[in-house]
Structures are given as structure tokens and as C-alpha cells.
Amino acid sequence: MKKNLPKAYEHKKVEEKLSQKWQSAKLFKQDLSSKAKPFTILIPPPNITGALHIGHALTNTIQDVLIRYNKMQGKNSYWVAGTDHGGIATQNVIEKKLFAEQKKTRADFSRDKFLDILWDWYQECGDTILYQFEKMGWSLDLDNVRFTMDDTRAKAVYTAFEKLWKDKKIYRGKRMINWCCRCHTALSDIEVEYEAQNGKLWHIHYPLENGKQGIVIATTRPETMLADTGVAVHPKDERYQHLIGENLKLPLTNRIIPVVADKEVDKEFGTGAVKITPAHDLLDYEIGQRHKLPIITVISEHGKMIDCPEKYIGMSVQKARAEVAKDLEEKGFLTKTDKYKNNVSTCYRCHNHIEPYLSEQWFVDMKDMAKKATKAINDGKVTYTPETWKNQTLNWLENIQDWCISRQIIWGHRIPVWYCKDCGEKGLMKMDKGKKFALSLPAKCGKCGSKNLYQDEDVLDTWFSSALWPLSTLGWPQRSKELSTFYPSAVMQTGYEIIYLWVARMIMFGLYFGGEVPFKQVSLNGIVRDKTGKKMSKSLGNVVDPLGLIDKYGADAVRFSLLMQASPGKDIPYGEGSIVGARNFTNKIYNAARFLMMHLEGVEGKLEMPKKFKELSDNWIINEFNKITDTGFLEKFEFGKQAESFYHFFWSNYCDWYIELAKPRLAQGGESKKEVLAILVHIFYDYLKLLHPLMPFITEELAEYFAKYTSDNPDFLIHKTILASQKITIDANTVKNFKLIQEIITKIRTIRSQFSIAPKVKLDAVITNENKFISSNKHYIEDLAGIENVVFGGDKPTQSAMTVIKDIKIFIPLEGVIDISKENERLKKEQDKKVKDFETYNARLSNKGFTDKAPKEKVEEFKKIVSTLKEEILEIKDALKSLEK
RNA sequence: GGGCUGGUAGCUUAGCUGGUAGAGCGCCUCGUUUACACCGAGGAGGUCGAAGGUUCGAGUCCUUUCCGGCCCACCA
């Protein structure tokens with residue numbers, strides 16, 4: 001035994017050592033000279049909002065598995081590393097930080113100063129993220145990390161904007177957009193989330209100009225009535241025919257507003273009459289446009305009331321709603337208040353409420369791009385796993401809206417457009433030549449000659465640069481070797497929650513700018529939830545920190561526990577329990593290695609794998625190993641199944657059975673030991689290779705030791721090729737025969753357990769009928785079931801426990817130990833079970849429908865089972881009878 | 001309102017083209033056998049959400065239904 005080896009695996013030392021070794025050996029650098037087929041994955045760049053969470057751990061571990069696995073399949077793997085500036089999300093983090101630390105808001109800083117703060121943050125947070133990349137064992141080249149706002153990426157963004165501009169796909173317009181009053185910016189329609197709320201439906205009477213009975217409208221937002229400029233009814237609504245064209249006197253403000261007829265009004269809803277607030281509702285805006293109603297704004301970009309009766313000015317929308325409702329009630333305009341469930345729009349970044357807001361924004365016309373993407377997907381240029389997301393994407397593309405790309409924040413790519421203060425002309429900024437990215441204004445306005453020019457203050461939606469990620473990371477627009485080698489990438493692995501925000505847009509931009517789809521396969525993973533299935537969030541306090549877990553259990557364990565549960569598109573309930581299991585698995589592997597090392601003491605040179613395997617167990621384990629080498633689970637993104645198959649083989653087959661069976665041979669020494677040791681070591685070493693993509697650290701660490709006993713040269717495992725260990729044809733009966741031996745051993749163990757016979761007490765086993773196969777493998781039974789001698793033939797011993805498997809009757813003499821009533825009970829139970837089985841099968845067989853219609857083989861199979869069961873039952877009956885004597 | 005999912009042992013789940021329900025964790029009993037107690041051996045535990053139907057036979061196919069989760073949609 002190697003004395004200096006601790007009993008439990010110590011992950012910390014190993015992982016620290018190896019992650020440094022890998023990075024300094026430049027193992028994960030891109031290889032532009034390789035002739036092998038490229039296999040590229042672009043990391044979904046994490047936002048620099050803080051440390052990585054467990055969801056990153058999942059999706060990136062999956063990518064790492066794919067990268068390492070494909071590399072070991074002989075492909076030219078390259079995993080592109082990077083981070084994302086994360087627009088609003090990151091700016092929010094910084095604003096919160098500034099407020100907490102200095103009680104300052106963004107208005108307290110100049111644009112440049114604010115940007116400096118953010119760039120400093122990028123340094124700090126970026127380093128944290130890189131540290132985590134390394135800790136997780138991810139095969140990313142950390143010397144070559146892209147950032148969505150670095151010079152190369154900024155040039156790509158500019159070039160893309162320029163092309164869209166020239167192609168007239170980009171335009172600026174005054175539109176109703178989603179405005180986050182907290183983040184103080186426009187959002188695209190898919191950045192809005194909806195939350196169900198228990199609201200109210202207020203019924204308000206708008207009298208006629210002359211004070212007489214007018215119209216009762218229904219609304220969920222009474223405060224917006226202060227900006228009403230009309231009331232609409234359906235043109236065919238008989239109830240209101242006489243009022244169309246009449247004027248109403250708006251309560252509280254006494255503004256005179258007309259009743260208009262519009263077919264968009266739903267007669268069934270509420271009172272069938274709808275108040276029109278063009279400034280604060282999308283549909284109202286459209287109706288207002290059609291009927292040329294004026295636009296009055298009463299809600300500011302901060303979500304506060306403005307330009308309305310004095311008493312409401314400055315109130316929040318919520319406050320004003322209550323006040324207006326109260327005032328209406330006091331003045332007798334409120335006729336009814338119903339409970340009503342509706343959706344409120346919230347910001348996907350801060351979850352504060354969204355106001356529809358009329359403003360000038362930049363948009364991209366997406367129609368054509370969506371059409372091309374649809375075609376590519378339909379043509380199978382991009383596949384989806386799980387496939388259900390393909391249709392969701394196609395559906396979304398079909399109903400695509402123009403993309404609002406301008407954001408009124410500071411952190412991001414500033415929109416490269418200048419305006420003339422004098423004549424209002426606008427144009428594209430020029431990109432300076434040189435390595436650093438910089439833009440400049442033209443010397444003078446092309447239209448009026450004014451030098452009074454300025455750049456647009458807004459920045460681009462962060463998803464704009466994200467959509468370019470597959471191209472920009474590879475150096476586009478430069479037609480580099482890097483780009484031609486690695487574009488398009490092989491797999492886009494990410495969470496299903498950003499399928500529209502990101503994945504679909506990458507496909508559209510990839511086709512538009514790169515001429516090809518950016519990736520061939522989309523593989524979606526689910527969300528990592530807490531163990532009760534709740535989404536993890538800071539406010540719930542149920543987030544788990546990957547670094548903490550790595551520290552406690554090791555990166556291999558964290559990785560494996562996530563992979564164990566990873567199935568395409570499925571959410572993962574994650575608790576510490578599953579990591580403990582994975583940690584125990586690493587320990588199991590380590591201890592198996594320790595066991596082998598112990599027996600390798602004093603062994604010199606290489607161990608030759610035998611050409612032929614004499615032992616049944618050898619053939620069986622080789623066969624079991626071959627089975628796990630070609631499952632194809634990874635190609636199907638079935639990581640859970642792959643992990644389980646590896647886990648089961650090792651723990652159950654290799655350790656619990658094969659090592660246990662090998663022990664006597666190891667103890668024998670000489671050739672016997674050498675032979676079994678060779679098999680043990682070769683399988684173990686090849687297993688390490690197989691497992692390496694999933695658990696890179698422990699496998700690398702152990703392989704270094706075992707390589708010298710095989711004919712393999714020592715090298716990093718990622719440079720090795722995974723292949724089936726020994727493609728040796730195994731006799732078809734081997735597995736069946738071995739299973740029978742296993743069954744016999746288990747049955748004897750059960751008897752031992754039921755009679756509480758200590759492991760060290762050796763027993764005999766008597767098999768009354770001769771069986772050549774068992775007699776030639778009886779040493780397995782003796783070794784693993786605590787049997788002194790397996791004896792064949794002769795009479796059944798008196799005072800013995802008995803069990804039967806097919807035609808094999810096994811007696812365990814238990815002179816003095818046996819408890820007759822216990823054995824009686826045990827046998828009866830076994831009998832009952834068999835009788836029950838017998839009855840189900842027999843019932844089938846006595847059904848004429850079955851025997852006539854079922855396939856012949858099935859009928860034969862059942863007949864055989866029935867006759868075996870019958871025999872076994874008779875034997876048990878016999879044994880029960882002899883107990884009575 | 002439209003669409004997508006899932007409902008299998010206490011928990012998390014596997015079950016392909018229909019042929020007596022598997023696993024991990026937990027639980028119970030036993031065990032300090034010279035790799036591992038982060039271990040070994042054995043055991044208990046499921047009328048597969050419900051109801052119909054197709055079939056000789058259904059967790060597996062069809063219909064209906066109940067309960068979750070998610071996405072999309074400008075009904076005030």
C-alpha cells in the first residue's frame with residue numbers, strides 16, 4: 001500500500017495544481033494549422049454583473065464536456081471565451097453600488113466619469129469571472145478572452161450598424177415603446193415580462209358636454225383619464241349610436257372630448273366604451289392617430305404625474321390611481337368598481353413597472369431577416385434539441401416586430417450617428433483607421449454646412465452586440481483565417497429563456513452579415529432551481545454559490561452532479577444532496593485507484609493486456625466496458641444518461657463485482673496476479689479517458705500514474721483518443737452466464753442476511769443436481785458468498801435453507817443455526833411471489849386471444865417462463881414439506 | 001385567448017417502435033473482511049394523476065378530464 005496516500009480524495013490540491021498546469025501548457029489555444037474537422041463552441045458570454053451563478057456552471061460545464069469529448073474524438077475543438085458588458089443589467093448593478101456607497105445617482109456623474117467607473121468595474125468583475133472559469137476546469141483559453149465592448153467587437157458593431165444603415169434596414173422614428181421608469185430607458189418588446197395582478201375595473205361616467213347622461217367607460221387605469229382625449233365605441237354598437245360625434249366633458253379636468261367610432265373596440269368588454277389616452281396606451285395611440293385626437297402626456301419618464309391638475313402633480317402612478325378613483329367617487333362619477341385580473345408589464349431587469357411611452361427611438365426592420373432565418377431552420381441548417389423549441393422559434397419569427405435598439409443608458413455601444421443642431425440633418429459617424437476603435441464627427445453638416453454637430457446620446461441594446469457574437473468573436477468583419485476556420489460553429493449551448501432575445505437574433509444576424517447560419521445545432525438546457533423547484537434569486541435567499549461548492553466538494557463533483565441531472569431543455573432541481581453523491585463518486589474512483597496502486601507496488605514495466613481472457617468475469621467486464629463506450633448519449637445531448645451509465649459501470653460493475661472477484665487472484669501472486677492486474681489497470685485507465693470530459697481533474701491526476709503501466713505515452717488526457725477499450729468478441733452466453741452466477745451469489749447472501757450469519761462464518765453450499773457450468777465457476781460463489789465449498793450431487797442436507805433458480809437447487813446446511821419457523825416463513829414468501837407470477841403468466845396463456853394473436857416467440861417465451869416457475873414452485877413446496885419433518 | 005411542457009416508490013427521476021415497472025437519495029436490518037463508513041451486504045416501499053376507448057395485452061397508442069410549470073398575445 002502506498003503509505004502516504006490519504007484515505008479520502010483531496011480535491012483542492014489536485015484541482016489547483018492541474019488548472020494552472022493546463023493554462024500554462026496552453027492546452028486550450030486555438031489551432032489554425034490543424035487539418036482536423038473544426039468543432040467550435042462560442043461561450044454565451046456572461047454579463048459582468050458579478051460572480052457566476054450555478055446556471056452558468058451548468059451550461060458551461062456542458063460545453064466543456066462537448067469541447068473535450070470532440071477533441072478526444074479527433075476534432076479540432078475550440079471554445080471561444082468571452083464576457084458581455086451587459087448593458088442595463090450592469091449599469092443597474094453599478095448604480096445600486098454607487099447609491100449604497102456614496103448616495104449618488106447617475107445624474108451626479110458626467111458621462112465620461114460614469115464610463116470610467118464602469119470600465120474599472122469591468123476589470124474587477126472580469127477577473128472574478130476568469131478566476132471562476134479556471135476553477136470550474138473549463139477548457140477556455142484565458143489568454144484570449146473577448147469582451148463585447150473591446151476594440152475588435154466595437155468595430156464589428158459599427159460595421160454591422162453601417163451595413164444596416166446603408167441597406168436602409170435601420171430607421172429612427174417616434175413610436176410607442178416600452179419604457180422602464182426605473183432604468184429610465186426604452187426596452188424592446190421581448191424585454192418586457194408580464195405579471196398577473198389582482199386589479200380593479202373602474203366604471204366611470206363621462207357626462208355629455210351639457211351635463212346630461214353621457215357614457216360610462218371601464219378602465220383599469222383611472223389615473224390616465226387625465227390624459228384622455230376621446231372615448232371610442234364600436235361603430236355598430238346600438239347602445240351608443242346616438243352619441244357618436246357628440247362631445248363629453250371629462251370629469252376632474254373638464255376637458256371637452258369627442259366620442260368616436262372605431263372597429264377595434266370590443267363591444268363585449270366592460271361597457272363597450274373605451275376611454276382613449278393616446279399618450280399612455282398602445283391601442284389608444286393607434287385609435288387616436290386614426291381619429292386625429294390630440295396627445296396629452298401626464299406621466300413623466302420617471303413614472304410621475306405631470307401636466308395635470310395641481311393636486312396630482314408629482315404623484316407616482318400608483319398613488320395617482322388611488323387618488324383619482326377617490327375623487328371620482330366623491331364627485332359621483334364612479335358608478336361601479338369590479339375586481340379584475342390583468343397583467344402588468346414589468347422590466348426584465350429590475351421588475352419595476354413599464355409604461356407605454358411615446359418617444360424617438362432607433363429600430364431595425366427584421367422582416368426579411370426573419371424570413372431568411374425561417375428558411376434556414378426549415379431547411380435543417382440549424383437543428384434544435386429538444387426539437388419543440390424549433391416550432392416556438394418559427395412561430396416567433398413569423399410574428400416578429402421591428403427591433404427597438406436604442407437605450408437611454410450610458411453603458412454600451414454609443415449609437416454611431418451624428419445630428420446637426422441647425423438643420424436636423426443626421427448621418428453616420430466615421431470609424432477612425434487604426435487598431436483602437438474610435439468614431440469621429442464629420443467636419444461639417446453635409447446639408448447646411450453647420451459645424452454644430454453632436455453624436456447621438458443613446459447606446460445600442462446590449463443584445464445587438466450579442467447577436468453579432470458568433471461573428472465578432474472570430475474577428476469579423478475581417479476575413480481572417482480564424483473566421484473561415486471556426487465559423488460557423490458547431491453547437492450553441494444555452495438556456496431556453498434567451499432563445500428569442502439571443503439565439504434567434506444570432507441566426508438572423510449570422511445569415512445577414514456572415515452569409516451562413518452561426519451554428520449548426522442549438523442545444524438548450526433548463527434552469528437550475530432550488531431543491532423545491534423554485535427559481536433561485538437573491539431576494540429568496542436560495543442561490544447557491546458555485547465557488548463555495550467547489551471549495552467544499554471539488555469542481556469534478558459540482559460538474560458531475562449537474563451533468564447527472566442534465567437532460568435537454570429540462571429544469572434541474574438542485575440541492576446539496578446531489579453534490580454529496582457526486583463527491584462520493586470521486587472518492588470511489590480515487591479509492592479504486594488506491595487499491596490498484598497498492599497491488600502495483602513492486603510491479604516493474606508495462607502490463608500486457610492478455611490476448612484471450614480465460615475467466616468468465618474477465619470476459620464479462622470487458623463486455624460491460626465496451627457497452628459504455630458507444631452509447632451516443634453525448635451526441636444526443638443526453639448528459640444525464642451518459643453520466644449515469646459511467647457511474648453505474650464503475651461503481652457497480654467494476655468495483656462491486658470485478659474488483660471483488662479479482663481479489664483472490666491478486667492475493668495468489670505470480671502470473672495470476674499479473675494477468676488480472678493488467679485487465680484491471682487497462683480498463684481503469686481507459687475508463688479515465690472516457691470520463692475525462694465530465695470529470696477532468698481527478699481523471700487527469702490518476703491517469704498520470706497509470707499511463708506508465710499501459711503502452712500509452714504519458715500526456716494530457718485531452719490529447720488522447722477515446723475508443724472502445726478492447727474490441728474483443730465476447731461469447732454471447734458470457735453475460736447471461738455471469739448474470740446467473742451473480743444471481744446465485746445474491747440469493748445465498750440473502751439467506752445469510754436473513755439468518756444473521758456473520759460475514760466471517762464460512763458455510764457450505766450443496767447443489768444436488770450436477771451442473772458443469774457452475775462447477776467450473778464455483779470459485780466465484782465461494783469467494784463472494786462466503787462459501788467454504790460448493791458441493792455437487794448427493795442428497796439434500798437436513799436442516800438447511802434452500803433456494804431455487806430455474807433447475808438449480810441450492811441448499812445451505814445450517815445445522816444448529818437454522819430457525820425452522822423463519823425458514824418456513826422465508827420459503828413461503830418466496831413461494832407466494834412465484835405463484836403470483838405463475839398466475840399472471842398462466843392467465844395470459846390460457847387466454848385464447850393471446851395464443852392466437854400474439855407473436856409465436858412471445859407465446860413460446862411465456863410458456864418457458866411458466867414451466868420454469870412451475871418447477872421452482874414444486875421445489876419450494878418440497879423444501880417446505882421436508883421442514884415439517 | 002393560443003401554444004408548449006410535466007404528473008411513475010417519501011424525494012429526484014429512467015422507461016425506445018405496447019408484452020409481468022428500473023435507478024440514485026432517503027428509510028429499515030446486519031457488518032470496523034487487508035481500496036473506500038464519502039464503505040459493503042441484504043430488505044421494505046409503486047393499482048405508473050383520473051375516467052373512458054383501441055388491443056389477446058397499455059406507464060407506453062387515442063379521447064376526455066383534473067392538477068402543476070412555462071411561453072406567446074395591444075382587450076381597455
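Note that the structure is predicted; figures quoted are calculated from it, not measured. These numbers come from the heavy atoms of this one structure, side chains and all, not from hydrogens, waters or symmetry mates. Lettering follows sequence order; numbering is per chain, from 1.
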Between [options], which one does the side chain of [X] approach most closely?
| X | options | value |
| --- | --- | --- |
| A:L282 | B:C74, B:G42, B:A35 | B:C74 |
| A:E660 | B:C36, B:U55, B:A41 | B:C36 |
| A:R844 | B:C38, B:A76, B:G19 | B:G19 |
| A:T750 | B:A14, B:G19, B:G43 | B:G43 |
| A:K858 | B:C38, B:A41, B:G19 | B:G19 |

Assess whether one donor atom and one acceptor atom, taken from the side chain of [X] and the base of [N], lie less than 3.5 Å apart.
| X | N | answer |
| --- | --- | --- |
| A:E638 | B:A14 | no |
| A:R594 | B:C36 | no |
| A:K7 | B:C36 | no |

Give one of base, sugar-phosphate or nothing for [X], where a contact means two heavy atoms less than 4.0 Å apart.
| X | answer |
| --- | --- |
| A:D571 | nothing |
| A:P356 | nothing |
| A:Y590 | nothing |

**Prompt:** With respect to A:W389, which candidate in A:W396, A:Y384, A:Y496 satisfies the ring-ring contact (aromatic ring centres under 6.0 Å, His included) definition?
**Reply:**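 Testing each of A:W396, A:Y384, A:Y496 against A:W389, the sole residue satisfying ring-ring contact (aromatic ring centres under 6.0 Å, His included) is A:Y496.
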
Review point. Does B:A9 have a Watson-Crick or wobble mate here (both distances under 3.5 Å), and if so which one?
Key: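 For B:A9, the partner nucleotide comes out as none, under the 3.5 Å rule.
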
Can you check whether A:L397 reaches A:T393 side chain to side chain, under 4.5 Å on heavy atoms?
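Answer yes - side chains close enough.
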
